[in-house]
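Okay, structure first, notes after.
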There are 2 protein chains.
Amino acid sequence: MVTKQFSGSPEDADLTRADSLAREIFSDIANKWALLIIESIGDRTRRFSELRDEIEGISHKMLTQNLRMLERNGLVERTVHPTVPPRVDYTLTEPGRALRPVVDGMCDWTHRYLGDIEASRGRFDG
Amino acid sequence: MVTKQFSGSPEDADLTRADSLAREIFSDIANKWALLIIESIGDRTRRFSELRDEIEGISHKMLTQNLRMLERNGLVERTVHPTVPPRVDYTLTEPGRALRPVVDGMCDWTHRYLGDIEASRGRFDG
DNA sequence: CTGAATCCTCAATGATACTG
DNA sequence: CAGTATCATTGAGGATTCAG
């Protein structure tokens with residue numbers, strides 16, 4: 001549950017604090033760019049430019065922004081190679097890898113129900 | 001994969017069309033309100049006001065907007081009871097229920113790594 | 001190449017009021 | 001109660017520029 005939680009116990013403060021933190025994290029993760037980045041990195045090591053090229057439609061800014069956010073939350077690790085021109089590699093951390101099955105599940109679901117959804121849309125719109 | 005797909009085969013047009021549709025659907029679903037609504041409905045029948053009360057922080061507008069979107073994509077079914085005052089029930093359809101494990105997985109992941117993430121944030125911010 | 005910062009625009013969101 | 005519409009505001013996100 002990432003929605004409300006009632007208690008009444010003395011640990012109320014901690015519970016609501018943990019809940020609001022959970023919601024904050026959930027909101028960070030539950031957005032398309034974050035999930036697509038995780039999906040794109042997978043179990044590989046990817047450079048900034050590779051991600052930008054692979055993730056259709058993502059802008060330079062959105063990519064850096066989301067990579068920072070994922071790094072801050074400890075889902076991706078960023079290693080800078082002091083070469084010139086600079087080269088930065090991104091990999092998933094253990095928490096990041098643990099999220100992969102979830103993202104895969106969402107991708108699978110999307111393809112599995114593509115037809116049904118298209119049909120439903122047709123009905124709804126028409 | 002919901003990112004790029006190359007082919008070169010004659011079905012190119014259909015492939016890219018299916019891909020863009022997949023991305024569209026993925027973008028619809030991969031947002032916090034949609035996922036929280038699905039989580040909140042679960043296997044129950046929920047009224048509009050119940051959802052509004054249960055999903056902390058969601059506005060009237062966001063709830064209706066996302067419910068319409070989910071209905072259009074065939075994830076939720078909307079049944080209006082012609083009473084006064086009116087009463088509207090929402091339930092998950094088969095595609096909607098099929099997405100539950102994914103959402104549950106994301107919620108589980110959030111709570112599982114809450115501590116790690118908080119620690120990582122501390123390191124990153126400090 | 002990567003990334004930060006700036007500016008600018010438009011869409012997402014909230015607040016409010018009105019309808020069935 | 002549920003839903004739509006309108007308006008106002010904010011913030012997301014794109015384009016561009018500069019720096020390491």
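Just so we're on the same page: letters track the sequence lines, and every chain starts at 1.
Distance from the side chain of A:Val88 is smallest for C:dG3 among the nucleotides D:dA2, C:dG3, C:dT13. Of the candidate nucleotides C:dC1, D:dT4, D:dC1, C:dC1 has the atom lying nearest to any side-chain atom of A:Pro86. In the set C:dG14, C:dT2, C:dA4, the nucleotide with an atom closest to the side chain of B:Ser59 is C:dG14. Taking every side-chain heavy atom of A:His60 into account, C:dA4 is the closest of C:dC1, C:dG14, C:dA4.
Connection of A:Val84 to A:Val80 is not established within any shared hydrophobic cluster, with ILVMFWY side chains joined at heavy-atom distances below 4.5 Å, either directly or through further cluster members.
A side-chain donor-acceptor contact under 3.5 Å links A:Thr93 to the backbone of A:Gly74. In this structure, the side chain of B:Arg121 does not engage the main chain of A:Asn73 through any donor-acceptor pair within 3.5 Å.
In this structure, B:Asn66 atom CG and D:dG3 atom C1' are separated by 15 Å, rounded to whole Å. Nucleotide D:dA12 holds its C1' atom 13 Å from the CE atom of A:Met69, rounded to whole Å. When rounded to the nearest whole Å, the span between CG of A:Leu63 and P of D:dG13 equals 13 Å. Separating the CD atom of B:Gln65 from the P atom of C:dA15 is a distance of 14 Å, rounded to the nearest angstrom. Protein atom CE of A:Met62 is 14 Å distant from nucleotide atom C1' of C:dT9, rounded to whole Å. Rounding to whole angstrom units, CG of residue B:Asp53 and C1' of D:dC1 are separated by 12 Å. Taking atom NZ of residue B:Lys32 and atom C1' of nucleotide C:dA12, one finds them 12 Å apart after rounding to whole Å. Distance B:Ile58 CD1 to C:dT13 P: 10 Å, rounded to the nearest Å.
In this structure, A:Lys61 and A:Arg87 both approach DNA chain C, and ranking their closest nucleotides by distance from the 5' end singles out A:Arg87. Two residues, A:Glu50 and B:Pro85, neighbour DNA chain C, and the one matched to the more 5' nucleotide by heavy-atom proximity is A:Glu50.
The ring of A:His111 has its center no closer than 6.0 angstrom to the ring center of B:Phe26.
When the side-chain nitrogen and oxygen atoms of B:Arg47 are compared with OP1 and OP2 of D:dA2, one or more of them lie within a distance under 4.0 Å. One finds no side-chain N or O of A:Tyr90 lying less than 4.0 angstrom from the OP1 or OP2 phosphate oxygen of C:dC1. Residue B:Ser49 places at least one side-chain N or O under 4.0 Å from the OP1 or OP2 atom of D:dA2. Side-chain nitrogen and oxygen atoms of B:Arg78 include none within less than 4.0 Å of the OP1 or OP2 phosphate oxygen of D:dA2. Phosphate contact (OP1/OP2 of C:dG3, side-chain N/O of A:Arg68, threshold under 4.0 Å): present. Residue A:Thr83 has no polar side-chain atom (N or O) positioned under 4.0 Å from OP1 or OP2 of C:dC1.
Taking 4.0 Å as the cut-off between side-chain N and carboxylate O, B:Glu50 and B:Arg44 do not count as a salt-bridged pair.
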